[in-house]
Amino acid sequence: MDASALRWVLAIIGVVLLVGIYLFGLHQNRLRKRAAVETFTREDIDSAFIEDEQLREELDNLNQIMQQGDLDEDLDAIKINPAIEANLTPIELPLPELFIADVLADIDEQNLISYLLIHADHRLITGEEIENAMMHAGIEIGAEGYLEYHQSGEHYFTIASLSVPGHFSDMGQLGFSTLGFNCFIDIESNHDAKISYELMLKKVDELVRLLDVKVYQSNHELLTMAKITQVRKKLQG
């Protein structure tokens, strides 16, 4: 093959290669534009693959609006859930029917200080939970099956179960549970009611933290500091 023919062959090959590269580039652009339409990502929108100049101008205009400070004020005014910031009164579930242990029957109401410890949702307290709370609070089970708090050999207050049979003799059995505790003091038979009351308040506070329970008075009203102050004044008298 002479030199002239060789040049023509090389020229044709070069043209074919250029056309191939050009067509391949067009094919890649179509694939990218299709992917941009399907995914609509920010990167694809901002790329050079969007050939509609009017659409590009609208997108740029939208981007400028998003950067304006007035938009932040409008967004702050939106309330997705207005109830979150409202002053809502929590719903108190009515207390279930509670069992009053026999040990409280002989105590005169005037001499009885009694607080009920119950879960807010009224779920049962298991035997395992009770044993764990007793260990941490230093409370023991007495001869009659009621929980008692002793210090230096003195008995300060008693805890009865709010479920039948009222005591904790069967606490070690599988499936034992109770609606809650009845922590009480008999002022008349107590050697030092003032100290006993303060110790009972301290242990009640520990049980509240250990068991996540609420404290009610014997009339089923939530215990308040005002009521505690009244009892303290009574005992001081």
Side-chain angles (χ1 to χ4, degrees), residues 88-193 195-225 227-228 231:
L88 301 179
T89 302
I91 299 175
E92 288 288 344
L93 297 174
L95 287 175
E97 185 175 352
L98 306 175
F99 179 77
I100 304 302
D102 296 337
V103 71
L104 288 96
D106 298 330
I107 303 176
D108 189 292
E109 187 176 348
Q110 297 299 320
N111 296 322
L112 179 65
I113 302 175
S114 174
Y115 294 145
L116 314 179
L117 278 61
I118 308 169
H119 280 296
D121 58 0
H122 306 157
R123 73 172 178 85
L124 297 174
I125 303 173
T126 66
E128 183 179 356
E129 290 176 311
I130 297 170
E131 290 178 346
N132 182 63
M134 288 172 58
M135 180 182 66
H136 284 83
I139 297 172
E140 303 172 348
I141 187 165
E144 297 182 2
Y146 299 103
L147 304 184
E148 300 173 349
Y149 181 72
H150 298 264
Q151 196 174 86
S152 300
E154 296 289 346
H155 173 218
Y156 286 97
F157 65 89
T158 306
I159 302 176
S161 171
L162 290 173
S163 296
V164 176
H167 54 72
F168 299 89
S169 298
D170 300 331
M171 185 171 58
Q173 295 185 6
L174 184 64
F176 180 89
S177 61
T178 178
L179 278 169
F181 298 149
N182 190 339
C183 303
F184 66 93
I185 296 172
D186 181 359
I187 297 175
E188 186 177 25
S189 62
N190 197 285
H191 67 284
D192 193 331
I195 294 179
S196 295
Y197 183 64
E198 296 302 326
L199 287 172
M200 186 173 77
L201 288 178
K202 178 182 177 182
K203 294 303 172 180
V204 163
D205 180 64
E206 290 182 28
L207 292 173
V208 165
R209 288 184 284 108
L210 289 168
L211 298 171
D212 191 26
V213 291
K214 287 191 173 184
V215 186
Y216 297 84
Q217 300 174 84
S218 57
N219 61 2
H220 294 184
E221 293 182 359
L222 281 170
L223 179 63
T224 62
M225 282 304 302
K227 295 296 182 181
I228 292 175
V231 174

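Here the structure is a predicted model, which means the values were calculated and not measured.
Here the side chain of Ser161 pairs a donor or acceptor atom with the backbone of Ser163 at under 3.5 angstrom.
For Ala160 against Phe168, the heavy-atom pair with the smallest separation is C-CE1, 3.7 Å. Residues Leu207 and Ala133 approach most closely at CD2-CB, 3.8 Å, considering heavy atoms. The two atoms that bring Cys183 and Leu117 nearest to each other are SG-CD1, 3.9 Å, heavy atoms only. A pairwise comparison of heavy atoms in His191 and His155 identifies CE1-O, 3.8 Å as the closest pair.
A 4.5 Å side-chain heavy-atom check between Thr178 and Leu124 finds every atom pair outside the cut-off. A 4.5 Å side-chain heavy-atom check between Val213 and Ile118 finds every atom pair outside the cut-off. With contacts defined as side-chain heavy-atom distances shorter than 4.5 Å, the pair Glu144/His167 does not qualify. Within the 4.5 Å cutoff, the side chain of Glu188 has no heavy atoms near those of the Asp108 side chain. The shortest side-chain heavy-atom distance between Phe181 and Ile139 does not fall under the 4.5 Å cut-off. The side-chain heavy atoms of Leu162 and Phe99, taken from C-beta on, include no pair separated by under 4.5 Å. Between Leu98 and Asn182, every side-chain heavy-atom pair lies at or beyond the 4.5 Å cut-off. Between Glu198 and Lys202, the closest side-chain pair of non-hydrogen atoms is not below 4.5 Å.
One distance of note links NZ of Lys227 with CD1 of Ile113; it measures 13.5 Å at 0.5 Å rounding. Between the OG atom of Ser169 and the CZ atom of Phe176 there is a distance of 8.5 Å, given to the nearest 0.5 Å. Rounding to the nearest 0.5 Å gives a distance of 8.0 Å between CG of Asn111 and OG of Ser189. Atom CD1 in Ile100 sits 10.5 Å away from atom CZ in Phe184 (nearest 0.5 Å). The distance from atom CG of Leu179 to atom NE2 of His119, rounded to the nearest 0.5 Å, is 10.0 Å. Here the straight-line distance linking atom NZ of Lys203 with atom OH of Tyr156 works out to 12.0 Å at 0.5 Å rounding.
For residues 123-134, the set of pairs meeting the salt bridge (charged side-chain N to carboxylate O under 4.0 Å, His left out) definition, not counting sequence neighbours, comprises Arg123-Glu129.
Under the side chain to side chain donor-acceptor pair (under 3.5 Å) criterion, His220 pairs with no residue, sequence neighbours left out. In this structure Tyr149 satisfies the side chain to side chain donor-acceptor pair (under 3.5 Å) test together with Gln151, sequence neighbours excluded.
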side-chain contact (heavy atoms from CB on, under 4.5 Å) for Met134 and Met171? Distances and angles first, verdict last. CA-CA 12 Å; Met134 288 172 58; Met171 185 171 58; 3.7 Å; yes
Could you walk me through whether Val204 and Phe157 pass side-chain contact (heavy atoms from CB on, under 4.5 Å), step by step? CA-CA 11 Å; Val204 163; Phe157 65 89; 5.9 Å; no
Take Ile187 and Tyr197, measure what side-chain contact (heavy atoms from CB on, under 4.5 Å) needs, and give me the verdict at the end. CA-CA 9 Å; Ile187 297 175; Tyr197 183 64; over 6 Å; no
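When each of Leu147, Ile130, Ile141 is tested with Ile159 by the rule side chain to side chain contact (heavy atoms under 4.5 Å, CB included), just one qualifies, namely Leu147.
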